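Side chains included, hydrogens not; waters and symmetry mates left out as well; all remaining heavy atoms used. Predicted, not measured: the structure shown is a model, and the values here were computed from it.
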Amino acid sequence: MAVIDLRSDTVTRPTPEMRRAMADADVGDDVYGEDPTVNALEETFAARVGKDRAIFVPSGTMGNQLALRLLTRPGDVVVAGARQHVVIYENGAAARNAGVQFHAVDDDDGTIDPAAVADAVDTAAHHHPRPGLVCLEDTHMPANGSPWPIERLRAVGAAAAAAALPVHLDGARLFNAEVASGTAAAERAAGATTVMCCLSKGLCAPVGSLLAGPAAVMERARDERQRLGGGMRQAGVIAAAGLVALRTMVERLADDHGRARRLAEAVTERWPGAGLDPAAVRTNVVTWAHPDPSALVAHLRAEGVLAGTIAPGVMRFVTHHDVDDAGIERAVKALASAP
């Protein structure tokens with residue numbers, strides 16, 4: 001019986017249409033800017049998120065790290081939510097790659113308070129490090145993949161603009177936010193200087209992410225990408241899958257969202273005190289508190305279901321294209337029999 005892999009949406013496999021597009025891709029040397037398929041992907045994404053230009057990179061982490069190098073100076077403080085990917089899930093890369101430190105603020109609901117940005121700016125008058133950037137994450141993975149309310153995004157963007165601070169939007173699952181909220185990606189990214197999105201999560205491409213922003217910033221991004229070892233040659237072979245992803249895989253994310261809600265209901269039924277409200281699960285991530293995650297992961301694995309953890313005592317499921325309704329019901333059954 002097939003294993004039901006709910007550890008992450010990064011385990012998705014390219015679709016048959018992606019594989020055909022990859023085999024037939026028109027390619028060139030992207031370091032010279034001569035790969036037509038990469039160029040088409042970058043142009044398509046930039047238009048989709050309302051930015052001048054974009055750059056194709058191997059991973060979302062590289063996209064975030066590029067933004068930090070482009071928008072800050074060594075010694076700057078970056079205002080960000082305490083549980084954001086760029087803060088705790090990138091192996092401390094910000095300090096090594098950009099020479100910055102984080103002013104981590106509360107993000108329990110998946111957002112940060114605009115007042116927290118103003119407060120961070122005010123501290124510079126009291127011998128604290130100078131803020132140089134605000135980072136946001138939409139959707140916010142640890143908060144059950146919560147999409148930001150659009151008015152909250154605008155308010156934080158306005159607070160940053162008032163302090164003349166650039167904003168980077170980690171939109172690894174930005175299109176999940178678009179589908180769940182009904183607000184276009186370009187509108188969600190309007191207040192951000194740069195925005196990153198992964199193609200290899202729910203959109204099913206095998207590899208790759210994109211960073212978009214103003215033309216002058218993206219021109220510098222090519223140099224910074226090279227410094228991080230991210231220059232790729234005939235990358236159209238993988239960019240072709242990204243084009244298919246943007247064209248065919250966004251709307252279907254709603255299916256993943258519905259399946260995540262089903263899992264959330266099953267978790268709440270089995271552990272009413274897990275701190276999970278199924279109504280708060282609006283995209284494809286389900287997180288909940290459990291007293292013994294290792295035992296639960298082992299039980300689920302024995303039942304043919306793979307799950308993961310994101311912090312001590314915190315379990316996670318992530319739904320995606322490769323797990324259908326039948327697979328979800330197998331996971332529900334495994335949860336019901338968990339100790």
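Within a 6.0 Å radius of CD in Glu329, other residues, nucleotides and ligands contribute more than 12 heavy atoms. More than 12 heavy atoms of other shown residues, nucleotides or ligands fall within 6.0 angstrom of atom CG in Asp277.
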**OP:** Step by step, work out the side chain to side chain donor-acceptor pair (under 3.5 Å) result for Asp30 and Gln234.
**Re:** CA-CA 6 Å; Asp30 182 49; Gln234 287 71 37; over 6 Å; no
Original post:
Can you check side chain to side chain donor-acceptor pair (under 3.5 Å) on His85 and Glu90, steps first, answer last?
Top reply: CA-CA 7 Å; His85 194 281; Glu90 297 188 6; 2.7 Å; yes
Original post:
What do the steps show when you test Ile328 against Ile4 for side chain to side chain contact (heavy atoms under 4.5 Å, CB included), and what is the final call?
Top reply: CA-CA 8 Å; Ile328 295 299; Ile4 305 304; 5.9 Å; no
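Taking OH of Tyr89 as the start and CG of Asn64 as the end, the distance is 14.0 Å to the nearest 0.5 Å. Annotation: the span from Asp256 atom CG to Thr319 atom OG1 amounts to 4.5 Å, rounded to 0.5 Å. The structure places OG of Ser59 at 11.5 Å from CG of Leu199, a figure rounded to the nearest 0.5 Å. Here the CZ atom belonging to Arg301 is positioned 8.5 Å from the CG atom belonging to Asp5, to the nearest 0.5 angstrom. The distance from atom CG of Asp9 to atom CE of Met141, rounded to the nearest 0.5 Å, is 10.0 Å. In this structure, the separation between CG on Leu169 and OG1 on Thr194 is 8.0 Å, given to the nearest 0.5 Å.
Met249 places a side-chain heavy atom less than 4.5 Å from the side chain of Thr15. Contact of the Val31 side chain with the Gln226 side chain is registered, since non-hydrogen atoms from C-beta on lie closer than 4.5 Å. Proximity of Asp76 to Leu133: side-chain heavy atoms (C-beta onward) are nowhere separated by under 4.5 Å. Using a 4.5 Å heavy-atom cutoff, the side chains of Ile238 and Phe56 are in contact. Under the 4.5 Å side-chain criterion, counting only non-hydrogen atoms from C-beta, Thr268 is in contact with Pro278. Taking 4.5 Å as the limit, some side-chain heavy atom of His299 sits within range of a side-chain heavy atom of Ser337. Side-chain atoms of Met218 and Leu211, non-hydrogen and from C-beta on, do get closer than 4.5 Å to each other. Contact annotation: the side chain of Val77 never approaches that of Arg130 to less than 4.5 Å [non-hydrogen atoms, C-beta and beyond].
Between Arg247 and Glu17 there is a salt bridge, since at least one side-chain N of the basic residue sits less than 4.0 Å from a carboxylate O of the acidic one. Ion pairing of Arg48 with Glu178 is present here, as a side-chain N (NZ or NE/NH1/NH2) and a carboxylate O approach within less than 4.0 Å. Between Arg173 and Glu137, none of the side-chain N atoms (NZ, or NE/NH1/NH2) sits under 4.0 Å from a carboxylate O, so this pair counts as no salt bridge. A salt bridge does not link Glu303 to Lys333: none of the charged nitrogens lies less than 4.0 Å from a carboxylate oxygen. No salt bridge links Asp35 with Arg233; every basic N to acidic carboxylate O contact stays at or beyond 4.0 Å.
Thr123 contributes a side-chain N or O that, together with a main-chain N or O of Ala120, makes up a donor-acceptor pair within less than 3.5 Å. No donor-acceptor pair under 3.5 Å is formed between the side chain of Asp170 and the backbone N or O of Gln84. Between the side chain of Arg53 and the main chain of Gly213, no donor-acceptor pair closer than 3.5 Å is present. Side-chain atoms of Ser209 come within 3.5 Å of backbone atoms of Gly60 as a donor-acceptor pair (strictly under, hydrogens ignored). Judged by distance alone, the side chain of Thr37 and the main-chain N or O of Asp26 form a donor-acceptor pair under 3.5 Å. Proximity of a side-chain donor or acceptor of Arg330 to a complementary backbone N or O of Val305 within less than 3.5 Å is not detected.
In terms of heavy-atom proximity, Phe45 sits nearest to Ala54 at CD2-CB, 3.9 Å. Nearest heavy-atom pair across Thr111 and Pro149 is CG2-CD, 3.9 Å. The heavy-atom pair separating Val27 from Pro36 by the smallest distance is C-CD, 3.9 Å. Heavy-atom minimum distance, Pro214 versus Thr193: CD-O, 3.1 Å. The nearest pair of heavy atoms linking Asn144 to Thr287 is OD1-N, 2.6 Å. For the pair Gly145 and Thr283, the tightest heavy-atom approach, listed with the atom from each and the gap, is O-OG1, 2.5 Å.
Qualifying side chain to side chain contact (heavy atoms under 4.5 Å, CB included) partners for Ala82, counting only residues two or more places apart in sequence or in other chains: Ala104, Asp107.
The aromatic rings of Trp271 and His290 sit perpendicular to each other, their planes meeting at more than 60°, with 30° as the lower class boundary.
One hydrophobic cluster holds both Leu203 and Leu41 under the rule that ILVMFWY side chains link at heavy-atom gaps under 4.5 Å. Linking Ile, Leu, Val, Met, Phe, Trp and Tyr whenever their side-chain heavy atoms come within less than 4.5 Å puts Met315 and Leu276 in one cluster. In the hydrophobic clustering of this structure, Met196 groups with Val217; members are Ile, Leu, Val, Met, Phe, Trp, Tyr whose side-chain heavy atoms approach within less than 4.5 Å, directly or through other members. The hydrophobic cluster containing Val286 does not contain Leu306, counting ILVMFWY residues as joined when their side-chain heavy atoms lie under 4.5 angstrom apart, directly or transitively. Val57 is connected to Leu228 through a chain of hydrophobic side-chain contacts under 4.5 Å among Ile, Leu, Val, Met, Phe, Trp and Tyr, so both are in one cluster.
A donor-acceptor pair shorter than 3.5 Å cannot be found between the side chains of His320 and Thr12. Donor-acceptor pairing under 3.5 Å is lacking for the side chains of Asn176 and Thr139.
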For residues 179-191, tabulate all N or O donor-acceptor pairs below 3.5 Å that involve a side-chain atom, not counting sequence neighbours.
residue: Ser181; atom: OG; partner: Ala177; partner atom: O; Å: 2.7
residue: Ser181; atom: OG; partner: Thr183; partner atom: N; Å: 3.1
residue: Ser181; atom: OG; partner: Arg188; partner atom: NH1; Å: 3.0
residue: Glu187; atom: OE2; partner: Arg154; partner atom: NH2; Å: 2.2
residue: Arg188; atom: NE; partner: Asp138; partner atom: OD2; Å: 2.8
residue: Arg188; atom: NH2; partner: Asp138; partner atom: OD1; Å: 3.3
residue: Arg188; atom: NH2; partner: Asp138; partner atom: OD2; Å: 3.1
residue: Arg188; atom: NH2; partner: Trp148; partner atom: O; Å: 2.4

